[in-house]
K.L.:
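Before we start, here is the structure in question, set down as structure tokens.
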Amino acid sequence: MTKVLYPGSFDPVHNGHVEIVETASSLFDHVVVATIRNPQKGRGLFDLDERMAMLEESFAHLSNVSVTLFSSLVVDLATELEADFIVKGLRAVSDFENELQMAQMNNEVSGVHTLFIPSASKYSFLASKLIREIAVFGGDVSGMVPPSVASRLAERVRETNEEKKS
Ligand code: ADP
């Protein structure tokens, strides 16, 4: 049985992530999607429990996908889960430079290899950061995220606007 770990911030999960998970789910026996708070990406719009709930809703249709959250190193989680590989999505050359360095470092410290899955070009422009920015300013992101994420984003924007008014 081949198990892979797909880690990310997923704040929030979008259709580019969904595509990578669907591909991994068809290639491997088990995919574990893990959300982490990345200190380099600030506080975030959703907390880890909310991100995990959105991941669960988004992958409910895939029986060999499970979801978790973590606060340790990716390689420690991979070892703990006995994952055979870490899987990462690649949007563009700019992703590759960072991801290659991270993959080499992770291999050096743990022996775990990273496999890259390229994004289909129709999703390669998607990034959680851009989706957050568009949603916060009232733009329509419903074609870029799973339905449950679209409604949670709308709710979060409503809450934030009400807090600002009071
Ligand atoms: P984002 O950059 O959207 O905030 P994450 O940090 O959560 O995403 O990324 C988790 C993983 O998903 C990384 O391997 C990243 O390269 C990949 N990824 C992000 N967006 C896409 C996309 N549009 N297509 C394919 N892979 C993606």
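Each ligand, and each atom within it, is numbered from 1 in the order the structure gives.
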K.L.:
With nothing but distance in play, are any N or O atoms of Gly89 less than 3.5 Å from an N or O of ligand 1?
P.N.:
yes
K.L.:
Report the part of Asp95 in contact with ligand 1, treating N, CA, C, O as backbone and CB onward as side chain, heavy atoms under 4.0 Å; options are side chain, backbone, both, neither.
P.N.:
side chain
K.L.:
At a 4.0 Å threshold, what atoms of ligand 1 neighbour a non-hydrogen atom of Ala127?
P.N.:
3 (O)
K.L.:
Just verifying a value: how many Å separate Arg91 CZ and Ile20 CD1, rounded to the nearest 0.5 Å?
P.N.:
9.5 Å
K.L.:
Would you mind running through ligand 1 and noting each atom that sits below 4.0 Å from a heavy atom of His14?
P.N.:
3 (O), 20 (N), 21 (C), 22 (C), 23 (N)
K.L.:
Is the Phe28 ring parallel, tilted or perpendicular to the Phe85 ring (thresholds 30°, 60°)?
P.N.:
tilted
K.L.:
Hey, what do you get for CG (Leu45) to NZ (Lys129), rounding to the nearest 0.5 Å?
P.N.:
13.5 Å
K.L.:
Which option wins on minimum heavy-atom distance to atom 27 (C) of ligand 1: Arg91, Arg51, Met144?
P.N.:
Arg91
K.L.:
Measure the shortest side-chain to side-chain distance between Val149 and Ser58 over non-hydrogen atoms and say whether it is less than 4.5 angstrom.
P.N.:
yes
K.L.:
What do you reckon, does Phe125 have a nitrogen or oxygen under 3.5 Å from a nitrogen or oxygen of ligand 1?
P.N.:
no
K.L.:
When rounded to the nearest 0.5 angstrom, what distance separates CE in Met54 from NE2 in His14?
P.N.:
12.0 Å
K.L.:
Could you check whether Arg152 pairs with Glu155 (Lys NZ or Arg NE/NH1/NH2 to Asp/Glu carboxylate O, under 4.0 Å)?
P.N.:
no
K.L.:
So is Pro7 touching ligand 1 or not, going by heavy atoms under 4.0 Å?
P.N.:
yes
K.L.:
What about Val32 and Met52, same hydrophobic cluster or not, with Ile/Leu/Val/Met/Phe/Trp/Tyr joined at side-chain heavy-atom distances under 4.5 Å?
P.N.:
no
K.L.:
Using a 4.0 Å cut-off to any heavy atom of Glu99, which atoms of ligand 1 qualify?
P.N.:
13 (C), 14 (O), 16 (O)
K.L.:
Supply the atom-to-atom distance Ser119 OG to Phe125 CZ, rounded to the nearest 0.5 angstrom.
P.N.:
9.0 Å
K.L.:
Can you name the atoms of ligand 1, numbered from 1 with element, that are less than 4.0 Å from a heavy atom of Tyr123?
P.N.:
22 (C), 23 (N)
K.L.:
In terms of atom number and element, which parts of ligand 1 are under 4.0 angstrom from non-hydrogen atoms of Gly8?
P.N.:
7 (O), 10 (C)
K.L.:
In this structure, does ligand 1 have an atom that sits under 4.0 Å from one of the heavy atoms of Glu19?
P.N.:
no
K.L.:
Would one find an N or O of Lys88, backbone or side chain, under 3.5 Å from an N or O of ligand 1?
P.N.:
no
K.L.:
Going from CD1 on Ile36 to CG on Asp11, what distance comes out if it is rounded to the nearest 0.5 angstrom?
P.N.:
13.0 Å
K.L.:
Does Tyr6 reach ligand 1, in the sense of a heavy atom lying below 4.0 Å from it?
P.N.:
yes
K.L.:
Give the numbers and elements of all ligand 1 atoms closer than 4.0 Å to a heavy atom of His17.
P.N.:
3 (O), 5 (P), 7 (O), 8 (O), 9 (O), 10 (C), 12 (O), 18 (N), 19 (C), 20 (N)
K.L.:
So if I count the atoms of ligand 1 from 1 in the order they appear, which ones are less than 4.0 Å from some heavy atom of Ser128?
P.N.:
1 (P), 3 (O), 4 (O)
K.L.:
So is there a nitrogen or oxygen of Lys129 less than 3.5 Å from a nitrogen or oxygen in ligand 1?
P.N.:
no
K.L.:
Supply the atom-to-atom distance Lys3 NZ to Ser66 OG, rounded to the nearest 0.5 angstrom.
P.N.:
7.0 Å
